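Remarks on the structure that follows.
The sequence lines fix the lettering, A, B, ..., with proteins before strands; numbering per chain opens at 1. Predicted model, so just to flag it, every value in this text is computed and none were measured.
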Amino acid sequence: MSGFAESLLAWFDVHGRHDLPWQHPRTPYRVWLSEIMLQQTQVTTVIPYFERFLQAFPELPDLARAPLDAVLAQWAGLGYYSRARNLHRAAQVCVAEHHGQLPASLVDLIKLPGIGRSTAAAILSQAFGQPAAVLDGNVKRVLSRVHGITEPVEQRHAEQRLWQLAEAALPTHRAADYTQAIMDFGATLCTQSQPACLMCPIQSICQARQLGLTATIPAKTAKAQVPERHTRMLLLKDGGHGLILERRPERGIWGGLYSLPELPVDADPGTWCDAHYRLRIGPTSTFSQFRHKFTHFTLRAEVLEAVVLPTAAMMDPGPLQWVSRAQLPTLGLPKPIKTLLKTLLVN
DNA sequence: AATTCGGGGAA
DNA sequence: TTCCCAGAATT
């Protein structure tokens, strides 16, 4: 029995997080949903989405039979929308192949879309009480510090080493508590900046602490600066309260969400609308401009406003959809688009 | 091995 | 501003 795991468990009993929403009740469905939402997303951000999602889809079969649009509407604003599409597909696989329940083995969990090695281990240990090693950002930070790993943690060699260390550290009992313990430890004590080493129960075995490297471990490789992309969007309205939205393709940014129709900056709006949507529009004017930062690029968008001229074809604008103001709250809208349309509703 | 996926909290 | 967060899928 390693002193490491026992120390973390003892620390967890006193200082751990025992009242997170997915811990009561701790069902496989709720644990799974939380793990997906928590991928690259902080706990405080997830909690309100988690509560609302469960209101809409209380059990796994409810999620499986829901339309994808309804799932994306609940996910809107949380980001990384492939998580929602994979979650939805995985629920349908569970109904079709696992009697409507989440499988209770590592290999079957990993087969489900959206579940990788670490998430599968988190679900297996927390929902089914079986020992399995997770390796998320918290665990990488804790283990790289304890063992004094100075290489960038993204590198293949360091990653493999960290998985080995994570496996080796596993206790044979209290599987769920240990997973929660090491993540809580990384999230609240062994933090990225200013870790609370003076309060740390394992400071005596921590290599980073002894070498004075807690500020430089975990090391990260430098990232290239993000490029900027320029686009135009159309705010197309009729005489009343309707406007036109476009459902974005599943691949690419904001996949599956509803947004304003986009066109290249060098295209003529009138010609574009006629050719792609069979719509005649009046003269355009700039409604607004905004910049939105993504992880790997910055989007600079110019929003052009125009009125749709009445024609026979205007009610069936190709891939686009007329949307009333009343429908807007039920649609999955990207955060900046939702903000933009909110300013519109005030007028 | 490198890129592509969002959005927000915190320093 | 910048960094990072209970990562996975794709190329």
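Within 4.0 Å of A/Val43, counting heavy atoms only, lies at least one base atom of the nucleic acid. If you check every strand for non-hydrogen atoms under 4.0 Å, A/Trp32 touches nothing. Across all strands, A/Leu20 comes closer than 4.0 Å to base atoms (heavy-atom distances). Residue A/Thr295 is in base contact, counting any heavy-atom pair closer than 4.0 Å across all strands shown. Backbone-only contact: A/Lys220 has heavy atoms under 4.0 Å from sugar-phosphate atoms and none from a base. Across all strands shown, A/Gln194 has no heavy atoms under 4.0 Å from either base or sugar-phosphate atoms.
Set against B/dG6, C/dA8, B/dA11, the side chain of A/Phe294 has B/dG6 as its closest nucleotide. Nearest nucleotide to the A/Tyr80 side chain, out of C/dA6, B/dG7, C/dG7: C/dG7. Distance from the side chain of A/Asn86 is smallest to C/dA9 among C/dG7, C/dA9, B/dG7. Closest to the A/Arg83 side chain, of the nucleotides C/dC5, B/dG6, B/dG7, is B/dG6. In the set B/dG7, B/dG6, B/dG8, B/dG8 carries the atom at the smallest distance from any side-chain atom of A/Gln42. The A/Gln40 side chain lies nearest to C/dG7 when the options are C/dA9, C/dG7, C/dA6.
For the OP1/OP2 pair of C/dT11 and a distance below 4.0 Å, the side-chain nitrogens and oxygens of A/Arg251 include at least one atom meeting the criterion. Contact annotation: A/Trp254 side-chain N/O to B/dG7 OP1/OP2 distance is under 4.0 Å. Within the 4.0 Å cut-off from OP1 or OP2 of B/dG8, not a single side-chain nitrogen or oxygen of A/Thr41 is found. A/Lys223 has no side-chain polar atom (N or O) that falls below the 4.0 Å cut-off from OP1 or OP2 of C/dC3. Applying the 4.0 Å criterion to OP1 and OP2 of B/dG6, one finds that A/His292 has every side-chain N and O outside that range. Using a 4.0 Å cut-off, some side-chain N or O of A/Gln192 falls inside it from OP1 or OP2 of C/dC4.
Look at A/Glu305 and A/Lys237 and you find a salt bridge, because one of the NZ, NE, NH1 or NH2 atoms lies within 4.0 Å of a carboxylate O, short of that distance. Between A/Arg85 and A/Glu250, at least one side-chain N (NZ, or NE/NH1/NH2) sits under 4.0 Å from a carboxylate O, which counts as a salt bridge. Between A/Lys140 and A/Glu159 there is a salt bridge, since a side-chain N of the basic residue sits under 4.0 Å from a carboxylate O of the acidic one.
Between A/Tyr49 and A/Trp75, the distance separating the two ring centers is not shorter than 6.0 angstrom. Between A/Phe294 and A/Trp254, the ring center distance clears the sub-6.0 Å criterion. Residues A/His173 and A/Tyr178 keep their aromatic ring centres 6.0 Å or farther apart.
Across the protein-nucleic acid pair, A/Phe50 atom CZ and C/dA6 atom C1' stand 13 Å apart, rounded to whole Å. Note: CZ (A/Arg248) to P (B/dC5) measures 10 Å, nearest angstrom. A/Phe297 places its CZ atom 22 Å from the P atom of B/dA2, with the value rounded to the nearest Å. Separating the CZ atom of A/Arg229 from the P atom of B/dT4 is a distance of 7 Å, rounded to the nearest angstrom. To the nearest angstrom, P of C/dA6 lies 21 Å from CG of A/Leu109. When rounded to the nearest whole Å, the span between CG of A/Leu38 and P of B/dG9 equals 15 Å. In this entry the distance linking CG of A/Leu299 with C1' of B/dT4 reads 15 Å, nearest Å. For the pair A/Tyr178 OH and C/dA6 P, the interatomic distance rounds to 16 Å; values are reported in whole Å.
Under 3.5 Å, the side chains of A/Thr231 and A/Glu262 contain a donor-acceptor pair of N or O atoms.
Scanning atom types as modelled, no donor and acceptor separated by under 3.5 angstrom connect the side chain of A/Arg156 and the base of B/dA2. At a cut-off of 3.5 angstrom, the base of B/dG8 holds no donor-acceptor pair with the side chain of A/Thr45.
Of the residues near DNA chain B, A/Met37 and A/His157, the one whose nearest nucleotide (by heavy atom distance) lies more toward the 5' end is A/His157. Nearest-nucleotide mapping onto DNA chain B: of A/Gln155 and A/Ile253, the residue sitting toward the 5' end is A/Gln155. When each of A/Ile110 and A/Gln23 is assigned the nucleotide of DNA chain C bearing its nearest heavy atom, the one mapping closer to the 5' terminus is A/Gln23. Mapping A/Ile115 and A/Gly186 onto DNA chain C via the closest heavy atom, the residue that lands nearer the 5' end is A/Gly186.
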Subject >> From CA spacing to verdict: side-chain hydrogen bond (donor to acceptor under 3.5 Å, both in side chains), A/Thr271, A/Asp274 >> reply: CA-CA 5 Å; A/Thr271 307; A/Asp274 194 5; over 6 Å; no
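The separation of C/dC5 from B/dC5, taken at their C1' atoms, amounts to 15 Å, rounded to a whole angstrom. When the C1' atom is compared between B/dT3 and C/dA6, the two are found 22 Å apart, to the nearest whole Å. On the C1' atoms, C/dA8 is 23 Å away from B/dG9, given to the nearest whole Å.
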